[in-house]
Number of protein chains: 2
Amino acid sequence: MTSSTDNSCLVTKLSHYMTLSETDRGHLARLEEAEDEIEPQTDCTTEGDPLERLYVVKTGWLYSYLDMPDGRRQIVQLHHAGDMVGFPDIAFTRVATTLRSCTPAILCPFPKSALSEIFATAPRLTALIFAIAARDQIVLTDMLRATGRMTATERVANLHLSLLTRLRITNSRMTDTFNLPLSQREIGDVLGLTNVSVSKSTTQLEQDGLIARHGRQVQILDEERLAQLVSFDYRFDNIDTSWFPAY
Amino acid sequence: MTSSTDNSCLVTKLSHYMTLSETDRGHLARLEEAEDEIEPQTDCTTEGDPLERLYVVKTGWLYSYLDMPDGRRQIVQLHHAGDMVGFPDIAFTRVATTLRSCTPAILCPFPKSALSEIFATAPRLTALIFAIAARDQIVLTDMLRATGRMTATERVANLHLSLLTRLRITNSRMTDTFNLPLSQREIGDVLGLTNVSVSKSTTQLEQDGLIARHGRQVQILDEERLAQLVSFDYRFDNIDTSWFPAY
DNA sequence: CGCGCTATTGATGCGTCTCAAAATGAGTGG
DNA sequence: CCACTCATTTTGAGACGCATCAATAGCGCG
């Protein structure tokens, strides 16, 4: 348990977009005061539960999903280190999605009221958090475009590009290879496909020389052609902070 | 052109969730100072344009969509009177989606900096706007669930329920009938279907006695059975304001 | 070594897309 | 009020893609 700002991946991530003041860092450190260690493949909060806390992801991969009564499942968000989890839920008293870990993870829970405090005292940080939430929403619209209007292979290609560009933000030394700790069934639940289709599509991309796999490591061999295939939009490089409050 | 708070549907809509102070109303009125009249079926901003302003919808229906180069299209958001348009875009300098009207509409454009001013001076209103944006995101996850994991008929049923509950928020006297100014092609673009599938699915729902159509008016005949069919979650009745800043 | 989970591969079926034509409806001008 | 146009909706036939089911192969781990 620590609240030093040195090893805060939230601070690291947000610093990428905006210079954080000492007070800002203090606010963010408060969000990471508590730590929960999570086993892989465990549900942290379940759809319908009363909503008590939001989370900062310290380490690990997690996802949020929705269930249908007959067992169909849709994963709606992927969460990585430095992400804040639960924004869509803050408007309501019950959580809308189930949060599940796919690797060992460390979560930092914090109450909604911590956010309220930031709103009341740190306008510039508020704007940044708002912008981050807005970015999440863009990711969702891209997923919707993929699920609604792309073929199976295009969806898999799109997911790989989307992950690559997201992970690059924090890992600037990452170039074309990343770890993908999702089973094909889980990938299918992200993309609205079956595990079988994911397998066939992934093999297809591999045979076409677009990607390569080494265990769970995925290598993007021809990023340009992939991007063209799904008309991928590189939006996440930076955030427009020009309109933010001054302090 | 008017800025009186009397006929502001934004104030009306937000008042539904939280008691607005006079300063809050003043802030919101500023967002509606300008008015643009929009013809039906016209693009207001186009994907990739530099982002200058956000909008409040004063009257009319609009939607935001994404294009694929081959003509495929995905509508990702529907906007009604009292909605704020453009939150997902504020993080970036270019707009991510195209905004298009499907009826005659009146839009009130305002600059990002107006939002910044609210952040800096009105924490409680900031929290509410944040909650509204969060609610938008929930709508998106529900659309994703529908597009990814439902059959054509289920998707159409889900859309009808979703619209019914959203429109009820502002129209408290509305019970089971509403106007649906979308063509079946547009509905298809919302749901990731073709116009043909939408036609067949809608006819199906009508034959099953779940809905009825009178021109563009849609009547929900058996809401309970519809809700069960798609395991619909009624979340939008109210927003949790308990954690909001005091002033 | 053997167990269990994940990924692959193939055969078959179903649902939605595609293509096309007819029916319906709204708007316009004679 | 009718004739005409144009867009939308409906209906049908056929093709295609993904789901489903099932069997095999690969891999991590005790």
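Because the structure is predicted, anything quoted here is derived from the model rather than measured. Convention: sequence-line order gives letters A, B, ...; per-chain numbering from 1.
The distance between atom CG of B/Asp70 and atom C1' of C/dC17, rounded to the nearest whole Å, is 14 Å. Distance, A/His214 NE2 to D/dG28 P: 14 Å, rounded to whole Å. Between the C1' atom of C/dC17 and the CE atom of A/Met150 lies a distance of 18 Å, rounded to the nearest Å. Atom P of nucleotide C/dT6 and atom CG of A/Leu180 are separated by 14 Å, given to the nearest angstrom. Atoms CG (B/Leu182) and C1' (D/dA7) sit 16 Å apart, rounded to a whole Å. If you take CG of A/Leu193 and C1' of C/dT16, they are 15 Å apart, rounded to a whole angstrom. In this entry the distance linking CG of A/Leu191 with C1' of D/dG17 reads 16 Å, nearest Å. The CZ-P distance, from B/Arg149 to C/dT16, rounds to 14 Å in whole Å.
Residue contacts for B/Gly192: at a heavy-atom cut-off of 4.0 Å it reaches the sugar-phosphate backbone alone, with no base atom in range. B/Arg72 comes within contact range of no nucleotide atom at all, as no heavy-atom separation falls under 4.0 Å. Among the protein residues, B/Arg213 comes within range of the sugar-phosphate backbone only, with heavy atoms under 4.0 Å from sugar or phosphate atoms but none that close to a base. Using a 4.0 Å heavy-atom distance criterion, B/Arg216 is classed as a sugar-phosphate-only contact. Note on B/Thr151: only backbone sugar-phosphate atoms sit closer than 4.0 angstrom, heavy atoms only; bases stay farther off.
Classified by interplanar angle (parallel below 30°, tilted 30° to 60°, perpendicular above 60°), the ring pair A/Tyr63/A/Tyr65 is tilted.
Ion pairing between B/Asp67 and B/Arg73 fails under the 4.0 Å rule for side-chain N and carboxylate O.
B/Asp208 and B/Gln204 share a side-chain donor-acceptor pair at under 3.5 Å. Judged purely by distance below 3.5 Å, without hydrogens or angles, the side chains of A/Thr177 and A/Gln217 never pair a donor atom with an acceptor atom. Between the side chains of A/Ser183 and A/Arg216, no donor-acceptor pair is found at a separation under 3.5 Å.
Considering only side-chain N and O atoms, B/Ser199 lies under 4.0 angstrom from the phosphate OP1 or OP2 of D/dT10. Considering only side-chain N and O atoms, B/Gln184 lies under 4.0 angstrom from the phosphate OP1 or OP2 of D/dT10.
For A/Thr203, the side-chain atoms get nearest to C/dT8 when compared with the rest of D/dT10, C/dT8, D/dT9.
Closest non-hydrogen pair, A/Val230 versus A/Ala157, comes out as CG1-CB, 4.2 Å. Of all the heavy atoms in B/Leu161 and B/Glu223, the pair that sits closest is CD2-CG, 3.7 Å.
Checked against the 6.0 Å centroid criterion, the rings of A/Trp61 and A/His80 qualify as a close aromatic pair.
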Expected rows: protein N/O vs nucleotides 18-20 of chain C N/O, under 3.5 Å:
none

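Without hydrogens or angle criteria, B/Thr98 side chain to B/Glu47 main chain gives a donor-acceptor distance under 3.5 Å.
Terminal axes of the helix from C/dC1-D/dG30 to C/dG30-D/dC1 (five pairs each, C1' rotation axis) are separated by 40°, to the nearest 10°.
A distance of 5.0 Å separates OG1 in A/Thr203 from CZ in A/Arg213, rounded to the nearest 0.5 Å.
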